[in-house]
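Everything quoted here is computed from the prediction, not taken from an experiment. Positions are given from 1, in the same order as the sequence printed here. Indexing begins at 1, ligand by ligand and atom by atom, following the structure's order.
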Amino acid sequence: MGWASPRRRVAPVPRSPRNAVVWAVLDAELTRGPAHVVDAGGGTGGFAVPLAQAGHTVTVVDPSPDALAALARRAAERGVADRITAYQGDADDLGGLLEPGTADVVLCHSVLEVVDDPGRTLAAVAGVLRPGGCASILVANRVAAVLARALAGHFAAARDSLDGELDPRRYDLEGLSALISKAGLVPERAHGVRVLADLVPGAVVDVEPGAADALTALELAMAERPPYRDIATQLHVLARR
Ligand SMILES: C[S@@+](CC[C@H](N)C(=O)[O-])C[C@H]1O[C@@H](n2cnc3c(N)ncnc32)[C@H](O)[C@@H]1O
């Protein structure tokens with residue numbers, strides 16, 4: 001499936017300080033009309049369902065039957081079950097489930113932390129993308145894990161995790177970019193996701209009128225700016241095939 005008219009925005013979902021950056025990147029990528037989106041490890045459909053609501057065709061591949069059952073319920077409630085196809089399976093097997101080179105966008109969100117071999121998973125992601133298509137890759141940031149340990153008073157653990165020893169499945173931008181390049185994709189843009197959202201007390205955001213919107217605007221403004229980007233809870237890379 002290729003790009004088609006008409007133009008439409010991506011997702012009728014409330015943007016929050018936690019998810020606004022990723023949705024903004026997807027918004028910018030998906031302005032050319034209905035696309036075929038593959039959500040590798042898409043879970044309960046937090047992205048798949050809004051994308052289907054926006055008119056895209058979504059294929060979710062996830063090994064968890066519970067997650068897929070929740071996805072099916074959510075898709076039915078929102079009236080988009082016909083636009084979502086779900087396979088119970090491993091992201092590494094995308095190539096066996098889908099036609100190679102046919103996806104416009106592949107999401108790989110919070111999955112490289114849990115798969116057996118992140119390099120193999122990214123190669124599978126690259127394999128189903130059409131030339132010019134893009135992968136949206138979201139991972140846990142090692143820097144944020146170090147800071148979180150230190151702020152919780154676990155100073156020795158924070159020191160150990162400085163060199164990545166405690167967190168082999170948390171990433172820095174350099175390591176993630178190298179992994180993406182090795183899979184045959186070209187990293188195009190990098191963002192920090194949740195630079196402040198996990199640090200600001202919930203009470204401040206929930207109680208102050210307009211605070212959530214202001215924090216969302218701040219997250220969007222900081223997302224591509226080092227050093228703010230580099231301390232975010234998650235790192236997001238948009239990579240092109
Ligand atoms: C933290 S959740 C993220 C869900 C979703 N991508 C999101 O961002 O909301 C991780 C997901 O990866 C799935 N998962 C675990 N191992 C996987 C694998 N080998 N291939 C694909 N998905 C996997 C889990 O079932 C779960 O749904």
Option whose closest heavy atom lies nearest to atom 25 (O) of ligand 1, chosen from D39, D62, V22: D62
May I ask you to list the atoms of ligand 1 that are less than 4.0 angstrom from any heavy atom of S64? 25 (O)
Closest protein heavy atom to atom 9 (O) of ligand 1, given as residue, atom name and distance to 0.1 Å: F47 CD1, 4.7 Å
Is D92 in polar range of ligand 1, meaning some N or O pair under 3.5 Å apart? no
If you have a sec, work out which protein heavy atom is nearest atom 20 (N) of ligand 1 and how many Å separate them, to one decimal? A91 N, 2.9 Å
Just wondering, are more than 12 heavy atoms of other shown residues or ligands nearer than 6.0 Å to CZ in R120? yes
Any ion pair linking E219 and R194 (charged N to carboxylate O, less than 4.0 Å)? no
Are more than 12 heavy atoms from other residues, nucleotides or ligands located less than 6.0 Å from atom CD of E188? yes
Any N/O of G42 closer than 3.5 Å to an N/O of ligand 1? no
In plain terms, say whether R240 and E29 are close enough for a salt bridge, that is, a side-chain N and a carboxylate O under 4.0 Å apart. yes
Among all the protein's non-hydrogen atoms, which is closest to atom 1 (C) of ligand 1, and how far away is it? S110 O, 3.7 Å
May I ask you to list the atoms of ligand 1 that are less than 4.0 angstrom from any heavy atom of V114? 15 (C), 16 (N)
Which atoms of ligand 1 sit under 4.0 Å from any heavy atom of H109? 3 (C), 5 (C), 6 (N), 8 (O)
Those atoms of ligand 1 less than 4.0 Å from some heavy atom in V115: 18 (C), 19 (N)
Between F47 and H109, how do the two ring planes meet: parallel, tilted or perpendicular, split at 30° and 60°? perpendicular
Measure the shortest side-chain to side-chain distance between L30 and L51 over non-hydrogen atoms and say whether it is less than 4.5 angstrom. yes
Looking at D117, L138, V139, V125, which one forms a side chain to side chain contact (heavy atoms under 4.5 Å, CB included) with L112? V139
Closest to atom 17 (C) of ligand 1 (heavy atoms only, candidates P63, A70, G43, G41) is P63
Of L26, V60, V38, which meets side chain to side chain contact (heavy atoms under 4.5 Å, CB included) against L107? L26
